[in-house]
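A quick note: this is a predicted structure, and the numbers were derived from the prediction, not measured.
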Amino acid sequence: SRASEKSHVYPLYSNMWLIKLVDFQPIISAILLFQYDRLVLQIVNGLARSDLKDQNVLITSCAFGNVLPRVVDAAVRGGAARVVIADLIHNELVHARSKLGDFSEKVDFIEDDATAMKRSASGVAANVMFFLLHELPHDRKVQALREAGIHVVATPADIGEMIKKALSR
């Protein structure tokens, strides 16, 4: 059921007042130990190196900070036909839409669960997951990565270490 799909979601992500209170760039940067800009830049540069011409880009979750405008801009400049933003929480999508007015012609917003997508991720050139994995219970992290088309050979406890190693390169 939809209620159980959302049972792991922190109240912060459902309440619009709390979303707006916390969505302040210095706070978001501090949460990621002041590595936010570096992480976003890696995503933007990765998209710039990808062949996105006439393809779709999926962004799974994250309405906080300036990641969405930067990633959507990179995808559109890279030639993406559409950018689809999926989130389980309606208020997250409303908040994301408020940041992307300049791109409204290229962006679709869908309410969907990253661990059991109704829409196949196989038809996208890139699936951007930023902030999503740390928000999920360990058993759902692997599900989300599988939905993104990533074959997971590690246990959920290993995923954090894998991500840290990948980001340190």
Side-chain angles (χ1 to χ4, degrees), residues 2 5-6 8-9 13 28 31-32 35-97 99-100 103-156 158-169:
R2 293 299 277 178
E5 289 173 0
K6 297 178 183 181
H8 68 279
V9 176
Y13 299 116
I28 301 304
I31 290 169
L32 289 176
Q35 298 300 306
Y36 184 93
D37 285 332
R38 185 172 148 253
L39 295 169
V40 173
L41 189 60
Q42 284 189 347
I43 295 169
V44 168
N45 289 342
L47 289 173
R49 289 188 303 270
S50 301
D51 179 15
L52 302 176
K53 186 163 175 47
D54 299 324
Q55 298 196 57
N56 295 328
V57 171
L58 174 63
I59 302 173
T60 310
S61 186
C62 191
F64 288 92
N66 63 14
V67 66
L68 281 179
R70 291 172 66 186
V71 170
V72 170
D73 180 58
V76 169
R77 284 200 277 157
R82 304 291 306 159
V83 177
V84 178
I85 298 176
D87 201 294
L88 185 61
I89 304 300
H90 177 75
N91 278 345
E92 289 278 331
L93 294 169
V94 170
H95 190 59
R97 187 184 306 267
K99 295 179 176 196
L100 297 171
F103 301 103
S104 60
E105 299 292 318
K106 289 277 196 176
V107 180
D108 297 318
F109 299 87
I110 61 170
E111 193 170 320
D112 209 345
D113 182 352
T115 66
M117 298 285 292
K118 290 179 226 128
R119 183 178 185 153
S120 173
S122 64
V124 300
N127 184 346
V128 178
M129 294 177 150
F130 189 83
F131 253 144
L132 175 65
L133 293 177
H134 91 275
E135 297 168 353
L136 293 172
H138 286 299
D139 62 319
R140 299 191 76 182
K141 286 175 175 39
V142 171
Q143 286 175 274
L145 290 169
R146 284 188 182 132
E147 284 293 316
I150 298 170
H151 179 69
V152 180
V153 294
T155 64
D158 297 330
I159 291 173
E161 285 305 311
M162 290 168 44
I163 292 169
K164 286 178 193 172
K165 286 178 185 176
L167 291 175
S168 67
R169 293 182 188 155

* Structure fact -> Scanning both residues in full, the closest heavy-atom pair of Val44 with Ala74 reads CG1-CB, 3.8 Å
* **Qualifying residues under salt bridge (Lys or Arg N to Asp or Glu O under 4.0 Å), relative to Arg70, sequence neighbours excluded** => Asp37
* pair Asp108-Arg82: side-chain heavy atoms closer than 4.5 Å -> yes
* **Gap between atom CD of Glu111 and atom CG of Asn91 - 0.5 Å precision** => 9.5 Å
* Asked: Would you call Ile110 and Ile85 a side-chain contact if the rule is heavy atoms closer than 4.5 Å?
  -> no
* Partners of Asn45 by side chain to side chain donor-acceptor pair (under 3.5 Å), sequence neighbours excluded? -> none
* Straight-line distance of Gln55 CD to Lys53 NZ, nearest 0.5 Å -> 10.5 Å
* Asked: Does a side-chain heavy-atom distance below 4.5 Å link Phe109 with Leu100?
  -> yes
* Asp112 vs Leu88 side-chain heavy atoms within contact, under 4.5 Å -> no
* Side-chain heavy-atom pair Val83, Asn56 within 4.5 angstrom cut-off -> no
* To do: Sequence neighbours left out, what passes side chain to side chain donor-acceptor pair (under 3.5 Å) with Arg77? Give chain and number order.
  => Asp73
* Are side-chain heavy atoms of Val57 and Val124 found at a separation under 4.5 Å? -> no
* Please examine the side chains of Val128 and Leu58, heavy atoms only from C-beta on, and report whether any two atoms are closer than 4.5 Å. => no
